[in-house]
Amino acid sequence: KSLVFKKSVDVAATKTMITKDDVIQTIIDLFNTGKLPSDSNGVYTLFFRGDITATTMSPSSGALMYWLKDFCGYHGAVQLSYGPIIKFAVIGDPSYVGVNGEQCEEIRYSDPGRTANNNLG
């Protein structure tokens, strides 16, 4: 199979902090308004600026996790009301350096069970 880039949509940021629920709602809105075609075989990637704080919940502990401090990206899936399950990945600006010097680093080892911040993923 080949990788096919189908479409890009620019979504203006209206918040300085986004949660996983915000990401999922953005994805749903893009499909419901017809801005993106749904493809249950596709993976949709959302990129956000470095000055936006992204949060998600730890799947193991339920604790709130912050971009750059606890993760560099994450992935998930959401089922649209009309049927398809949409897979997505969320990635922040890797060149951004946080106020305390946090920065995502390139993975330089082949341990598929670890993330760029060396956390189990």
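A pairwise comparison of heavy atoms in F31 and P37 identifies CE2-O, 3.2 Å as the closest pair. Taking all atoms of both residues into account, the shortest heavy-atom contact from M57 to M65 is C-SD, 4.4 Å.
From T26, atom OG1 reaches atom CZ of F88 across 10.5 Å, with rounding to the nearest 0.5 Å. Atom CD1 of I28 is separated from atom CG of D21 by 9.5 Å, given to the nearest 0.5 angstrom. Atom-to-atom distance recorded for Q25:CD and K20:NZ is 14.5 Å, nearest 0.5 angstrom. Going from atom CG of N32 over to atom OG of S38 covers 9.5 Å, rounded to the nearest 0.5 Å. I24 CD1 to T19 OG1: the interatomic distance, rounded to the nearest 0.5 Å, is 8.5 Å.
Under the salt bridge (charged side-chain N to carboxylate O under 4.0 Å, His left out) criterion, D22 pairs with K15, not counting sequence neighbours. Under the rule for a side chain to side chain contact (heavy atoms under 4.5 Å, CB included), the partners of M17 that lie at least two apart in sequence or sit in another chain are T53, T55, Y66.
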Donor-acceptor list for residues 74-82 side chains, cut-off 3.5 Å, not counting sequence neighbours:
| from | atom 1 | to | atom 2 | distance (Å) |
| --- | --- | --- | --- | --- |
| Q79 | NE2 | G83 | O | 3.0 |

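Contact check for L46 versus I91: no side-chain heavy atoms found under the 4.5 Å cut-off. Between I27 and Y44 there is no side-chain heavy-atom pair separated by less than 4.5 Å.
Looking at K87, its side chain does come within 3.5 Å of a backbone N or O of S40 through a donor-acceptor pair.
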